[in-house]
Asker: 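Submitted below is the structure of interest, expressed as structure tokens.
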There are 2 protein chains.
Amino acid sequence: MDRRQQKTRKAIFDAFSTLLERKNFNNITVQEIIDEANVGRSTFYAHFETKESLLKAMCIDIFQHVFSDDLSQESSHDFSHAGHDFHKELTHILYHLQDNRKNLKGLLSCDSGEIFMEYFKEYLEQTFPIYIKELHYDVPPDYLLNHFVCSFSETVRWWITKHEQYTPEQIAAFYVQCVMIK
Amino acid sequence: MDRRQQKTRKAIFDAFSTLLERKNFNNITVQEIIDEANVGRSTFYAHFETKESLLKAMCIDIFQHVFSDDLSQESSHDFSHAGHDFHKELTHILYHLQDNRKNLKGLLSCDSGEIFMEYFKEYLEQTFPIYIKELHYDVPPDYLLNHFVCSFSETVRWWITKHEQYTPEQIAAFYVQCVMIK
DNA sequence: TATGTTATCATACACTTTGTTCTATATTTA
DNA sequence: TAAATATAGAACAAAGTGTATGATAACATA
């Protein structure tokens, strides 16, 4: 990739991130991003079709780091250890998210929040099934998956936006305690 | 209230509802609402400041019906009956929501979904505490409340948008089973 | 019924934002 | 070095927003 493209892309990402700390996604204009990034108008549109494309690209960027080294490949998944592995995987994800908390606070603000959460859930829907497939609830399987996925993503939102004082381990413990019937 | 105002308000609400069935909130323009409602431009702005105000007004309208006759006033709240009352209250809310499912499907579509969900959660946050105050989890109280509220609102979204075949009783049962540790 | 009040309509308007197109310039790659 | 490519900057059309105006119609009330 051309160094110029890399620099431009980074400048736009950084500018977007800076703006997200100050204001809602919907109230940020392309012009502001351009000014903050110190980049030409046509240059921005050479990289991203719309403001939404930029948001999506940033989400994908974050999730690539969070879900790249997949713990589910590393550890055993006997039924007996399922709870323990699940807890480990969650903590792992939470640590990666904590590294991005500066960006996440902006992404989770009001309007862009829904978009971020949608992508987040997509990843979780791929990750969670192996951990909950052994559970026997009397509910439709896709309801159960939705419940686990939504509860966790909302836990993350609760943590990042309002309760940063807790550690990833604590957050994982809160979640598991509420969601796992013993 | 002037009959003309009532008629205009209803026309705008109906138009908005119709448009929400066809397209996302963010892609609906004020001009489209005006055309569909067959109402003058300045008339629209005499009623609502922005498109978002209209959305908010519609949400409030729905929730007024859903949460108006508050079951929590009617029934006993001994600890022993808490579970039963909670189930009854949930079913009651779900029936009201089912009556509005035509509007809700539109409101829950992508972009406006977040806004609807926010208001919905505000109401639930007022309704739920009495039902969960007796539960003793080792998690922060506001995390627990957030967990119950989010799980239920996401249950509603799951139901309205994708699984309308279930009855309110079934949905309430799914939720309670997943959320209540026995 | 007569009268003052108020909501509506239609139009026009200034303003903001968007996304495209163009050319000259600078940077990169081979 | 030469060809290819990314950028800056400006200009542009198009779409949407919210406001202001005066004429008309519907309303409430005495």
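Quick note on labels: first sequence line is chain A, next is B, and so on, each numbered from 1.
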Asker: With heavy atoms under 4.0 Å as the rule, sort B/Arg41 into base, sugar-phosphate or nothing.
Answerer: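 Since a base atom lies under 4.0 Å of B/Arg41, the category is base.
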Asker: Could you tell me how far apart B/Lys51 (NZ) and D/dT17 (P) are, to the nearest whole angstrom?
Answerer: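 Rounded to whole Å, this separation is 6 Å.
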Asker: Pick out which of B/Lys105, B/Arg101, B/Lys102 makes a salt bridge (Lys or Arg N to Asp or Glu O under 4.0 Å) with B/Glu21.
Answerer: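 When salt bridge (Lys or Arg N to Asp or Glu O under 4.0 Å) is applied between B/Glu21 and each of B/Lys105, B/Arg101, B/Lys102, only B/Lys102 qualifies.
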Asker: Between D/dC27, D/dT17, C/dT18, which nucleotide has the shortest distance from any of its atoms to the side chain of B/Asp2?
Answerer: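 Ranking D/dC27, D/dT17, C/dT18 by closest atom to the B/Asp2 side chain puts D/dC27 first.
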Asker: Under 4.0 Å from OP1 or OP2 of D/dT7: is there any side-chain N or O of A/Thr8 that close?
Answerer: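 Answer yes for this pair, as a side-chain N or O of A/Thr8 is under 4.0 Å from OP1 or OP2.
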Asker: Is there a ring-ring contact (aromatic ring centres under 6.0 Å, His included) between B/Trp158 and A/Tyr143? Walk through the geometry before answering.
Answerer: CA-CA 8 Å; B/Trp158 179 87; A/Tyr143 175 81; 5.0 Å; yes
Asker: OP1 or OP2 of C/dT8 versus the side-chain N and O atoms of B/His47: is any pair under 4.0 Å?
Answerer: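 Yes, such a contact exists.
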Asker: Does NZ or CZ of A/Lys56 come closer than 6.0 Å to the centre of the six-membered ring of A/Tyr119, within 45° of the ring's axis?
Answerer: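 Checked: cation-pi criterion not met.
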Asker: Round to the nearest Å and state the distance from A/Asn27 atom CG to D/dT17 atom P.
Answerer: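 Going from A/Asn27 (CG) to D/dT17 (P), I get 14 Å.
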Asker: How close or far is atom C1' of C/dT29 from atom CD of A/Gln6, stated in whole angstroms?
Answerer: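 After rounding, the reported distance stands at 13 Å.
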Asker: Just the rounded figure in Å: distance from P of D/dA26 to CD of B/Gln5.
Answerer: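 Spelled out: CD on B/Gln5 to P on D/dA26 is 16 Å.
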Asker: In whole Å, what is the span from the CG atom of B/Asp35 to the C1' atom of C/dC9?
Answerer: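 One finds 14 Å between C1' of C/dC9 and CG of B/Asp35, rounded.
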Asker: Rounded to the nearest 0.5 Å, what separation is found between the CZ atom of B/Arg157 and the NE2 atom of B/His163?
Answerer: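 Spacing of CZ (B/Arg157) from NE2 (B/His163) equals 14.0 Å.
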Asker: Do the side chains of B/Met180 and A/Leu135 join up, straight or via other hydrophobic residues, at under 4.5 Å, putting them in one cluster?
Answerer: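 Yes, B/Met180 connects to A/Leu135 through the hydrophobic network.
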Asker: Report the residue (B/Thr50 or B/Lys7) whose heavy-atom-nearest nucleotide on DNA chain D is the more 5′ of the two.
Answerer: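 Residue closer to the 5' terminus by nearest nucleotide: B/Thr50.
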Asker: In this structure, how many angstroms lie between the P atom of C/dT17 and the CD atom of A/Glu32, rounded?
Answerer: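 Taking atom P of C/dT17 as the reference, CD of A/Glu32 is at 7 Å.
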Asker: Does D/dG16 have its OP1 or OP2 closer than 4.0 Å to a side-chain nitrogen or oxygen of B/Gln31?
Answerer: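 No, no such contact exists.
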Asker: Quick check on D/dA28: is either OP1 or OP2 less than 4.0 Å from any side-chain nitrogen or oxygen of B/Arg3?
Answerer: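 Answer is yes, contact under 4.0 Å.
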Asker: So, is B/Thr43 near the phosphate of C/dC9, with a side-chain N or O under 4.0 Å from OP1 or OP2?
Answerer: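 True: B/Thr43 side-chain N/O within range (under 4.0 Å) of C/dC9 OP1/OP2.
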Asker: I'd like to know if B/Ser42 reaches the base of C/dA10 with its side chain, counting only an N/O donor and acceptor under 3.5 Å.
Answerer: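 Answer yes: a donor N or O sits under 3.5 Å from an acceptor.
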Asker: May I have the distance from B/Arg4 (atom CZ) to C/dC9 (atom P), rounded to whole angstrom?
Answerer: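 To the nearest whole Å, that distance equals 10 Å.
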Asker: Let me know the distance between CE of A/Met1 and P of C/dT29, rounded to the nearest Å.
Answerer: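 Roughly 12 Å, once rounded to whole Å.
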